[in-house]
Structures are given as structure tokens and as C-alpha cells.
Visitor: 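Submitted below is the structure of interest, expressed as C-alpha cells.
Note that the coordinates shown come from a computational prediction; the quantities given were computed from them, not determined experimentally.
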Amino acid sequence: MYRLLSNATLQGKPTLHQPLQAVGAGQIKFSGQINIGFFPSPFFLSTYSYIEARNSCAQIHIGEGTWINNGFSAIAEHTSITIGARVMIGSHVEILDSDFHGIRVDDRNKSKAEWAKPVVIEDDVFIGSNVRILKGVTIGQGSVIANSSLVVNDIPAGVIAGGNPAKVLKVIEG
């Protein structure tokens with residue numbers, strides 16, 4: 001852990017295979033055995049993981065048995081990011097609950113809680129490398145998100161989804 005750069009209070013203790021910077025005034029909770037980083041794997045020496053529960057109302061919860069690969073980033077600004085149990089997350093995955101500023105010129109230096117929406121990743125999901133998951137998304141249990149996808153809408157349980165924006169490509173049989 002980057003202890004000098006981290007100011008978050010953590011609940012639980014993940015197994016760190018690569019450095020983690022954990023920051024923010026909110027709650028970051030690890031339930032059970034969670035692994036962050038992977039060796040041997042690309043980007044092991046050149047990246048770190050970043051988890052931020054920015055404001056006091058923000059929460060990030062990561063469930064039992066989840067394995068997060070190298071270069072992970074999750075920022076909950078005003079709401080929450082919930083990652084279920086036994087989730088597999090590829091390298092360079094980014095999960096955000098907010099746009100972090102308004103769209104109109106007058107709003108670009110503002111961040112409002114009503115602009116943020118929670119993210120939920122249910123149990124047994126497999127997220128490929130280089131995936132970006134944006135605010136308000138729920139990914140259903142057992143689904144797979146293909147490499148380099150941009151997830152902006154809910155993904156149902158038990159499917160393979162991919163693309164920009166991600167859409168259902170196939171139902172997982174059996």
C-alpha cells in the first residue's frame with residue numbers, strides 16, 4: 001500500500017500483490033479474501049491500483065474472493081460502487097459513479113450529488129482488461145464483459161457483453 005499517499009480508512013485487509021493507493025473521506029470495505037494485483041502479468045511493475053471514496057457519503061465495497069488485476073481504478077464520488085463476490089477484473093479496468101463535473105460551461109467546475117449514480121457489479125462477473133464502467137450501471141450475476149468495452153447501460157445476468165457502448169452479444173449456456 002502507498003501508505004504515505006493513502007488517507008482512507010479501510011475495513012478489511014486485501015492481499016496486495018501490487019501497490020494500492022486508497023484515498024477519500026468515504027468508506028472503503030473489503031469483505032474476506034480479496035487479491036489486488038497479479039504476478040506474472042503485464043503492468044505488474046509499471047502500475048498501481050487506485051481506490052477512492054471521495055466524499056463522506058461515498059462507499060466502495062468489494063466482496064469475498066474477488067481478484068483485481070494490475071492498474072485498477074475505482075472512484076465513488078457521491079454514491080457507491082459495489083463489487084460482488086468472486087468477481088474477476090482484468091488489467092486497467094476503471095469504474096466511476098460520476099461524471100465529476102457538469103456538461104454546461106457554467107457547470108464544468110461543479111460536482112453535484114444528483115449527477116452521480118451507483119454502480120453494482122453482481123457476484124461471479126468476469127470483466128476483461130481495459131473496460132470502463134460508468135455511473136448508474138448494474139452488471140448481472142455471472143456475466144462476462146469483453147475486453148476494451150465501455151459499459152454505459154445495465155447488463156443482464158448470464159450474458160457476454162461487449163463493444164462501445166457494450167451490448168449483449170451472447171447468452172452463456174448452462
Side-chain angles (χ1 to χ4, degrees), residues 10 12-22 27-53 58-77 79-100 116-174:
L10 305 180
K13 185 172 171 122
T15 300
L16 299 179
H17 304 277
Q18 120 169 131
L20 167 65
Q21 183 181 6
Q27 180 183 63
I28 300 172
K29 181 179 180 182
F30 300 100
S31 294
Q33 179 62 36
I34 293 155
N35 289 281
I36 298 178
F38 191 80
F39 178 84
S41 183
F43 316 110
F44 176 73
L45 294 174
S46 61
T47 63
Y48 64 97
S49 292
Y50 181 87
I51 300 176
E52 180 180 0
Q59 298 179 27
I60 296 177
H61 179 226
I62 301 174
E64 166 76 35
T66 291
W67 198 299
I68 297 170
N69 208 318
N70 303 327
F72 174 75
S73 178
I75 304 172
E77 184 178 35
T79 65
S80 63
I81 295 172
T82 304
I83 299 171
R86 300 170 306 280
V87 174
M88 295 175 60
I89 299 176
S91 60
H92 294 293
V93 168
E94 184 176 31
I95 305 171
L96 310 169
D97 82 332
S98 175
D99 294 330
F100 305 104
K117 295 178 184 171
V119 174
V120 176
I121 299 168
E122 295 180 352
D123 297 345
D124 303 305
V125 170
F126 178 13
I127 300 169
S129 294
N130 304 305
V131 169
R132 184 171 284 177
I133 301 167
L134 301 184
K135 68 180 186 179
V137 167
T138 295
I139 299 175
Q141 183 173 357
S143 286
V144 174
I145 307 299
N147 191 40
S148 299
S149 295
L150 176 63
V151 185
V152 297
N153 295 305
D154 290 351
I155 303 296
V159 301
I160 298 171
N164 181 2
K167 62 181 180 180
V168 173
L169 302 173
K170 180 180 179 180
V171 173
I172 298 172
E173 300 295 330

Visitor: Is there side-chain contact between F126 and I160, with at least one heavy-atom pair below 4.5 Å?
Guide: no
Visitor: Can you tell me how far the CD1 atom of I62 sits from the CZ atom of F30, to the nearest 0.5 Å?
Guide: 4.5 Å
Visitor: Could you tell me whether the side chain of Y48 reaches within less than 4.5 Å of the side chain of Q21, counting heavy atoms only?
Guide: yes
Visitor: Would you tabulate the side-chain donor-acceptor contacts of residues 136-145 under 3.5 Å, counting partners in other chains and residues two or more places apart, or write 'none'?
Guide:
from : atom 1 : to   : atom 2 : distance (Å)
S143 : OG     : G140 : O      : 3.4
S143 : OG     : P156 : O      : 2.6
S143 : OG     : G158 : N      : 3.1
S143 : OG     : V159 : N      : 3.1
S143 : OG     : V159 : O      : 3.4

Visitor: Taking all non-hydrogen atoms of both residues into account, name the closest pair between Q18 and N70 and its distance.
Guide: OE1-CA, 3.1 Å
Visitor: Would you confirm whether S49, through its side chain, and I36, through its main-chain N or O, come within 3.5 Å as a donor-acceptor pair?
Guide: no
Visitor: Would I89 and I83 count as a side-chain contact (heavy atoms from CB on, under 4.5 Å) if you check the C-alpha gap in whole Å, the side-chain angles of each, and the deciding distance to 0.1 Å?
Guide: CA-CA 10 Å; I89 299 176; I83 299 171; 4.1 Å; yes
Visitor: Could you state the interatomic distance from CD1 (I155) to NZ (K167), rounded to the nearest 0.5 Å?
Guide: 11.0 Å
Visitor: Can you list everything that forms a ring-ring contact (aromatic ring centres under 6.0 Å, His included) with Y50? Sequence neighbours excluded, please.
Guide: none
Visitor: Could you tell me whether the side chain of E64 and the main chain of Q33 form a donor-acceptor pair under 3.5 Å?
Guide: yes
Visitor: Closest heavy-atom contact between S149 and G162?
Guide: OG-CA, 3.1 Å
Visitor: Can you confirm whether I127 sits close enough to I133 that some side-chain heavy atom of one is under 4.5 Å from a side-chain heavy atom of the other?
Guide: yes
Visitor: According to salt bridge (Lys or Arg N to Asp or Glu O under 4.0 Å), does anything in residues 81-91 pair up with another residue at least two apart or in another chain? List the pairs.
Guide: R86-D123, R86-D124
Visitor: Carefully, step by step, assess F100 and I75 under the rule side-chain contact (heavy atoms from CB on, under 4.5 Å).
Guide: CA-CA 10 Å; F100 305 104; I75 304 172; 3.6 Å; yes
Visitor: To the nearest 0.5 Å, tell me how far I51 CD1 sits from L20 CG.
Guide: 5.0 Å
Visitor: Enter the distance from I60:CD1 to D97:CG here, rounded to the nearest 0.5 Å.
Guide: 8.0 Å
Visitor: What residues, two or more places apart in sequence or in another chain, satisfy side chain to side chain donor-acceptor pair (under 3.5 Å) together with H92?
Guide: none
Visitor: How long is the straight-line distance from CZ of R132 back to OG of S148, given to the nearest 0.5 Å?
Guide: 11.0 Å
Visitor: Has the side chain of N130 got a donor or acceptor atom that lies under 3.5 Å from a matching backbone atom of N147?
Guide: no
Visitor: Applying side-chain contact (heavy atoms from CB on, under 4.5 Å) to V119 and T82, what does each step give before you reach the verdict?
Guide: CA-CA 6 Å; V119 174; T82 304; over 6 Å; no
Visitor: Using atom types as modelled and distance alone, determine if a side-chain donor or acceptor of S98 lies under 3.5 Å from a backbone N or O of E77.
Guide: no
Visitor: Not counting sequence neighbours, which residues clear salt bridge (charged side-chain N to carboxylate O under 4.0 Å, His left out) with D99? List them please.
Guide: K135
Visitor: Got a sec, which residues hit ring-ring contact (aromatic ring centres under 6.0 Å, His included) with H17, two or more places apart in sequence or on another chain?
Guide: W67
Visitor: Is any side-chain heavy atom of I95 less than 4.5 Å from a side-chain heavy atom of I121?
Guide: yes
Visitor: Please confirm whether the backbone N or O of S91 pairs with a side-chain atom of S129, one donor and one acceptor, at under 3.5 Å?
Guide: yes
Visitor: Using the side chain to side chain donor-acceptor pair (under 3.5 Å) rule, take H61 and S80 through it: C-alpha gap first, then chi angles, then the decisive distance, then the call.
Guide: CA-CA 8 Å; H61 179 226; S80 63; over 6 Å; no
Visitor: Do side-chain atoms of T47 reach the backbone of G71 as a donor and acceptor pair under 3.5 angstrom?
Guide: yes
Visitor: Do T79 and K117 have side chains that approach each other closer than 4.5 Å (heavy atoms only, starting at C-beta)?
Guide: no
Visitor: Using every non-hydrogen atom in the two residues, find where N69 and G90 come nearest and quote the distance to one decimal.
Guide: CB-C, 3.4 Å
